[in-house]
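Below: the structure, in structure tokens.
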Amino acid sequence: MKDRKMLNEILNNTINELNLTDKKADIKIKIKPLKRKIASISLINKTIYINKNILPYLSDEEIRFILAHELLHLKYGKYHINEFEEELLFLFPNKEAILIKLINKLHQKNTWKS
Ligand SMILES: [Zn+2]
């Protein structure tokens, strides 16, 4: 089960990995149902939203990947610019495989609900 303590641990580790420690105090995670996404970030509120319906099905690595992705938006802005993609690939050389699994989980969950 993915509890808050564990999420915060993964968040803190990922913040350190991405050298975002100066922003650390402000970054929050909120768990809530999202319609079509696994996660998103509000750059203004420095808040990461994780889809409540999918969270229980995610592995630690997938959570780490999702948080890294959203935190990279904090670092590089709204768009997936080259630096964004390069850093994500550096952290997750297997990023394509992780993405495929995540997309499958999102689709499965949406299918169950409808
Ligand atoms: Zn993105």
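FYI, side chains are in, hydrogens and waters are out, and symmetry mates aren't considered; it's all heavy atoms of this structure. Just follow the structure's listing: the first ligand is 1, and inside any ligand the first atom is 1.
- Around the Zn ion (ligand 1), the protein contributes the following N, O or S atoms at distances under 2.8 Å: H69 NE2, H73 NE2, H80 NE2.
- Heavy-atom neighbours of K30 NZ from other residues, nucleotides or ligands within 6.0 Å: at or below the threshold of 12.
- Figure legend: K32 and Y49 shown as a cation-pi pair, the cationic atom lying under 6.0 angstrom from the six-membered ring centre and within 45 degrees of its axis.
- Note that CG of N13 is 10.5 Å distant from CG of L67, once rounded to the nearest 0.5 Å.
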Only pairs under 3.5 Å count here: list side-chain donor-acceptor contacts from residues 84-103, not counting sequence neighbours, and write none if there are none.
| unit_1 | atom_1 | unit_2 | atom_2 | d |
| --- | --- | --- | --- | --- |
| E85 | OE1 | K95 | NZ | 3.0 |
| E87 | OE1 | K75 | NZ | 3.3 |
| E87 | OE1 | Y76 | OH | 2.6 |
| E87 | OE2 | K75 | NZ | 3.0 |
| N94 | ND2 | E61 | OE2 | 3.2 |

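- To the nearest 0.5 Å, atom CG of residue D26 and atom CG of residue L74 are 9.0 Å apart.
- A donor-acceptor pair under 3.5 Å links the side-chain atoms of K105 to the main chain of Y57, judged by distance alone.
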